[in-house]
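Presented below is the structure to which this report refers.
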Amino acid sequence: MSRRLLITGGAGFIGSNFVHHWCQNYPQDRVVVLDALTYAGNRNNLATLEDKENFRFVQGDICERPLVDELLAEVNIDIIAHFAAESHVDRSILGPSAFVQTNVIGTLNLLEAFRSHWKNNSYPDDYRFLHVSTDEVYGSLEPQDPGFSETTPYAPNSPYSASKAGSDHLVRAYFHTYSLPTIITNCSNNYGPYQFPEKLIPLMCINTLMGKQLPVYGDGKNVRDWLYVGDHCTALDAVLNRGIAGETYNIGGNNEVENISLVKMLCELMDELATDLPVRPSSELITYVKDRLGHDRRYAINSTKIQNQLGWSPSVTVEQGLRLTVAWYLSHQDWWQPLLSPEYQAYYSQVYTQSAS
Ligand code: NAD
Ligand code: DAU
């Protein structure tokens, strides 16, 4: 049976990895990507799919209701996989409005469009609205606290996580109020190919290659649970194929690492794999800078539910995943060089000049 998916944000980091995953594993399905191509969207991520018959790219904003209505009707969509978002915490601290607009209003717009499409078409059981969210909605953990589970109360601390929490609540409400078959996933920190240079891992790889300082916020002891993006895609695949409408699934990597340890691991990999580094050992570039405002101390995910109910577990360790990722950034300079645009440089100086200690 072939399905018709609308994938929002499919030109971004996780979205594009997921589009490749889906098109490879379910070539009979029709995939339409809707992406506004903000600074974080990159159509080149999908270049190898552009000539496929079952694939279509549409540049557009999820907040544009007539466009969304038109796509849902024209392609007769039965699954929305919703990745589109403003996703970077530091940018949300500089300017929260875009986060509320896309993450809250945009999600509401998609829910409303899908609700009227659903009512008009009385879809079968496998009709889905998959909302891809984050572990940051649960707030920050103390060192001894257990990982976030699906019943952990929401306590978002940044404008980014507050906007994602708002969208999660709307998605939940559409299931309870209108029986719209929604599913929410809350995932930990992803890394891997096609991640925009502003995020910790690509930023450290690229700065090392350029001989620039490696800015570690605060004391470097904040902890994140790292998940290789390919494992996130297999988790979302399991959720779409076997997940229950109305449920939430937490997705994590079982890879809790302090930032400073992660950066040191990256430096060692760069020293080993990069032939031509301006500064060696690259750990000499590590510089502690002023902390991020409201910086969450620790995230950790309890993935027991998705493991037990859907049979998913991560397959890539942080050591394996970092090696793959460093190798990818080393061999794809043509992908990330153009992203270091004047706009990106302006953003970079804003964040890192303010945070110089
Ligand atoms: P990203 O910033 O790399 O990509 C976001 C994509 O959304 C871009 O292609 C951008 O052009 C598009 N977009 C933004 N605003 C839009 C709009 N108004 N209309 C249409 N498209 C728009 O983000 P990512 O890291 O790939 O994250 C994808 C999703 O996963 C987000 O919802 C994020 O909250 C969630 N998430 C991310 C992580 C992570 O570690 N990166 C972890 C958990 C959850
Ligand atoms: O937990 C899931 C979240 O992970 C997602 O919802 C977000 O979309 C995604 O951006 C990510 O958020 P983080 O803020 O955790 O990721 P980031 O890569 O920005 O930072 C990771 C950690 O590294 C965090 O503790 C801040 C720190 N950091 C980050 C940067 C960019 C530094 O020390 N220096 C830096 O230059």
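Hydrogens, waters and symmetry mates play no part in the numbers below; they use all other heavy atoms, side chains included. Predicted, not measured: the structure shown is a model, and the values here were computed from it. Order of appearance sets the numbers: ligands from 1, and atoms from 1 within every ligand.
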Next item on the list: Measure from the side-chain N and O atoms of Asn17 to the backbone N and O of Pro193, and report whether any donor-acceptor pair falls under 3.5 Å.
Entry: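 Yes, the answer is positive, given that a donor and an acceptor are paired below the 3.5 Å cut-off.
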
Notebook entry, point to check: Does Asp225 reach the main-chain N or O of Gly253 with its side chain, forming a donor-acceptor pair under 3.5 Å?
Noted result: yes

Using a 4.0 Å cut-off to any heavy atom of [X], which atoms of ligand 2 qualify?
X      : result
Asp135 : 1 (O), 2 (C)
Lys199 : 10 (O), 18 (O)
Val216 : 33 (O)

Does one side chain, of [X] or [Y], offer a donor that lies under 3.5 Å from an acceptor on the other?
X      : Y      : answer
Tyr174 : Glu112 : yes
Asn255 : Tyr191 : no
Arg65  : Ser116 : yes
Gln320 : Tyr228 : no
Glu136 : Tyr299 : yes
Asp231 : Trp312 : no

Return the closest protein heavy atom for [atom] as residue, atom name and distance.
atom                    : result
atom 29 (C) of ligand 2 : Tyr217 CE1, 3.6 Å
atom 4 (O) of ligand 2  : Asn189 ND2, 3.1 Å
atom 21 (C) of ligand 2 : Leu200 CB, 3.9 Å
atom 19 (N) of ligand 1 : Ile62 N, 3.0 Å
atom 35 (C) of ligand 1 : Val132 O, 4.0 Å
atom 36 (O) of ligand 2 : Tyr352 OH, 2.7 Å
atom 12 (O) of ligand 2 : Glu136 OE2, 2.8 Å
atom 27 (C) of ligand 2 : Asn259 ND2, 3.4 Å
atom 10 (C) of ligand 1 : Thr38 OG1, 3.3 Å
atom 1 (P) of ligand 1  : Ser87 OG, 3.6 Å
atom 34 (N) of ligand 2 : Pro215 O, 2.8 Å
atom 43 (C) of ligand 1 : Cys187 O, 3.3 Å
atom 8 (C) of ligand 1  : Asp35 OD2, 3.6 Å
atom 8 (O) of ligand 2  : Ser87 O, 2.7 Å
atom 20 (C) of ligand 1 : Ala36 N, 3.2 Å
atom 36 (N) of ligand 1 : Ile14 CD1, 4.0 Å

Check: Where is the tightest heavy-atom contact between Gly246 and Ile183, given as atom of each residue plus distance?
Finding: N-CG1, 4.5 Å

Check: Which atoms form the tightest heavy-atom contact between Phe55 and Glu50, and what is the distance?
Finding: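 Closest heavy-atom pair between Phe55 and Glu50: CD2-CA, 4.1 Å.
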
What atoms in ligand 1 come closer than 4.0 Å to a heavy atom of [X]?
X      : answer
Phe83  : 28 (C), 29 (C), 31 (C), 32 (O)
Tyr160 : 33 (C), 34 (O)
Asp61  : 17 (C), 18 (N), 19 (N)
Asn189 : 40 (O)
Ala11  : 9 (O)
Gly60  : 19 (N), 20 (C)
Leu37  : 11 (O)
Ser133 : 43 (C), 44 (C)

Do [X] and [Y] land in one hydrophobic cluster if side-chain heavy atoms of ILVMFWY residues count as linked below 4.5 Å?
X      : Y      : result
Trp336 : Leu277 : yes
Ile260 : Tyr217 : yes
Ile301 : Leu200 : no

If you measure every N or O of [X] against every N or O of ligand 1, does any of those distances drop under 3.5 Å?
X      : value
Gly12  : yes
Ala84  : no
Asn190 : yes

[X] heavy atom under 4.0 Å from ligand 1:
X      : value
Gly10  : no
Thr8   : no
Ser188 : yes
Tyr191 : no

Checklist line | Test item, His295 contacting ligand 2 (heavy atom, 4.0 angstrom) | finding: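 Contact check His295 vs ligand 2: positive.
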
Note to self: Just to verify, which of Thr182, Thr185, Asp168, Thr248 counts as forming a side chain to side chain donor-acceptor pair (under 3.5 Å) with His131?
What the structure shows: Asp168

Notebook entry, point to check: Is it the case that more than 12 heavy atoms not belonging to Arg298 sit under 6.0 Å from its CZ atom?
Noted result: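 Yes, because the 6.0 Å sphere around CZ of Arg298 holds more than 12 heavy atoms from other groups.
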
Check: Hey, is CD on Gln24 packed in by over 12 heavy atoms from elsewhere, all under 6.0 Å?
Finding: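 Counting neighbours around CD of Gln24, 12 or fewer heavy atoms of other residues, nucleotides or ligands fall under 6.0 Å, so no.
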
Next item on the list: Let me see the working for Ser188 and Asp135 under side-chain hydrogen bond (donor to acceptor under 3.5 Å, both in side chains), right down to the final yes or no.
Entry: CA-CA 5 Å; Ser188 63; Asp135 59 359; 4.8 Å; no

Notebook entry, point to check: Given the rule in the ring-ring contact (aromatic ring centres under 6.0 Å, His included) test, do Phe196 and His88 qualify, once you have shown the distances and angles that lead to the verdict?
Noted result: CA-CA 10 Å; Phe196 192 80; His88 192 41; 8.6 Å; no

Checklist line | Ion pair Arg3/Asp78, N-O distance below 4.0 Å | finding: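 Salt bridge: no.
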
Next item on the list: Inspect the contact between Asp219 and Arg297 and indicate whether a charged nitrogen and a carboxylate oxygen are less than 4.0 angstrom apart.
Entry: yes

Item checked: Val137 vs Phe148 side-chain heavy atoms within contact, under 4.5 Å ->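 A side-chain contact is absent here, since even the closest heavy-atom pair is not under 4.5 Å.
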
Checklist line | Option whose closest heavy atom lies nearest to atom 5 (C) of ligand 1, chosen from Gly106, Gly192, Gly9, Ala85 | finding: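 Selected option, by shortest heavy-atom distance: Ala85.
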
Checklist line | Any N or O of Arg224 closer than 3.5 Å to N or O of ligand 2 | finding: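 N/O-N/O distance below 3.5 Å exists for this pair.
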
Note to self: Checking the N or O distance criterion of under 3.5 Å, is ligand 2 in contact with Ser188?
What the structure shows: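 Looking only at distances, the answer is no, because the N/O contact criterion of under 3.5 Å is not met.
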
Item checked: Proximity of Lys164 to ligand 1 by residue part, where a heavy atom lies under 4.0 Å -> side chain

